Structure formats: C-alpha cells, structure tokens
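Quick caveat: nothing in here was measured; it's all calculated off a predicted structure.
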Amino acid sequence: MEKVNYYLVNASILPPVYSKVIEAKNYLASGEASSTSQAVKMAGISRSAYYKYKDSIFEYSTDSNDETLTINAKLKDNAGVLSALMNELYKAGANILSVSQSVPVNSVADVSVTVRATDMTVTAQVLIENIKSIKGVNSVHFGEHK
C-alpha cells in the first residue's frame, strides 16, 4: 500500500479551485445544499473538479478560541430534572456538544454534558450556581476543560 503524505499549506498560495471544493463540502455538511450539484453550483466549480479533489482536500482549523466545558452532575431520578439542566444551558448560550447519562442507581443518575462555551452570556461559575439551584440536582462540578 502506498504511503500518503500530507502537507499543511496556507490556502492563499493554492489555486482557487481547492478553496471552492472546501466551500462546496461545507455547503453539503451544513445542509445549505441538498445535493452535490447544488453545492458545486453555489461554490462556482464544476462537478468534475469537485469529485477530483473532494477526498484529498480537508480544512484545517485550530479553533483556539473554541472553549469547551464538561459539566458533571448527579441528578435525582425525577421527571424534568435533566430537561431543566438543559434549559439552563440554553439560557446561558451554551451549545451542547454531547450528553451522557448513566442508569439511575438509588434514584440518582450521573450526567456529563460537554458544551461549547464560546458564546455563553454568563461566566462558567454563574452557570454552575444556576444549575445548583435546580430542584433535583444533588451536585454539580466541572470536569475536563479545553
């Protein structure tokens, strides 16, 4: 099997077709385009150019200001507690990336929620205090930070 080499290159030195392929791929991924034909039309390239490069060109993004928080909580096994937690995250402007909940043991479930905190309207500490005030939340703390 042939070894594949990758290079990290500044997009400004590449022919425009490469960035147009990325653009078309983003249209498809976001749902702005419902088909390849529509995506390539929106990006201003031919279908053949898209198919020639689509599996070889990928966008690199560090998203260095894309802060994530993991919130770990112990919730009582009562209707609406998890929903109230999610609502508090929504009100704070946190974008929920993943949710993991264990099966309740002794009527308490462990919940881990990872959120993108970049657009939050409150500090992380205020968010934790707001979550602590929800009826049915036994405990809450931060997990890993990025």
Do [X] and [Y] have side chains that approach each other closer than 4.5 Å (heavy atoms only, starting at C-beta)?
| X | Y | answer |
| --- | --- | --- |
| Ile131 | Leu85 | yes |
| Leu127 | Leu89 | yes |
| Phe142 | Thr70 | no |
| Lys52 | Val17 | no |
| Asp77 | Leu75 | no |
| Ser100 | Val111 | no |
| Val140 | Ile71 | yes |
| Asn5 | Lys3 | yes |

What's the shortest heavy-atom distance between [X] and [Y], and which atoms?
| X | Y | answer |
| --- | --- | --- |
| Val99 | Met86 | CG2-CE, 3.7 Å |
| Ala43 | Lys20 | O-CD, 2.9 Å |
| Ile22 | Phe58 | CD1-C, 3.7 Å |
| Asn72 | Ser112 | OD1-OG, 3.1 Å |
| Lys91 | Thr121 | O-OG1, 3.7 Å |
| Ala39 | Leu28 | CB-CG, 3.7 Å |

Give, for atom [atom1] of [X] and atom [atom2] of [Y], the distance between the pair rounded to the nearest 0.5 Å.
| X | Y | atom1 | atom2 | answer |
| --- | --- | --- | --- | --- |
| Tyr27 | Ser35 | OH | OG | 13.5 Å |
| Arg116 | Leu69 | CZ | CG | 11.5 Å |
| Asn130 | Gln125 | CG | CD | 10.5 Å |
| Ile45 | Lys54 | CD1 | NZ | 12.0 Å |
| Glu59 | Glu23 | CD | CD | 10.5 Å |
| Ser139 | Lys132 | OG | NZ | 9.0 Å |

Is it possible for you to say whether [X] and [Y] belong to one hydrophobic cluster, with membership spreading through side-chain heavy-atom contacts below 4.5 Å?
| X | Y | answer |
| --- | --- | --- |
| Val115 | Ile134 | yes |
| Tyr7 | Val21 | yes |
| Tyr53 | Val9 | yes |
| Ile128 | Leu97 | no |

Exercise for the section: Check the surroundings of atom OH in Tyr90: do more than 12 heavy atoms from other residues, nucleotides or ligands lie under 6.0 Å from it? Expected result: no
Exercise for the section: Quick one: list whatever passes ring-ring contact (aromatic ring centres under 6.0 Å, His included) with Tyr51, sequence neighbours left out. Expected result: none
Determine yes or no for a side-chain-to-main-chain donor-acceptor pair under 3.5 angstrom, with [X] supplying the side chain and [Y] the backbone.
| X | Y | value |
| --- | --- | --- |
| Lys25 | Ile57 | yes |
| Ser102 | Asp110 | yes |
| Asn106 | Val108 | no |

Any side-chain donor-acceptor pair under 3.5 Å between [X] and [Y]?
| X | Y | value |
| --- | --- | --- |
| Arg47 | Ser37 | yes |
| Glu32 | Ser30 | yes |
| Thr68 | Thr114 | no |

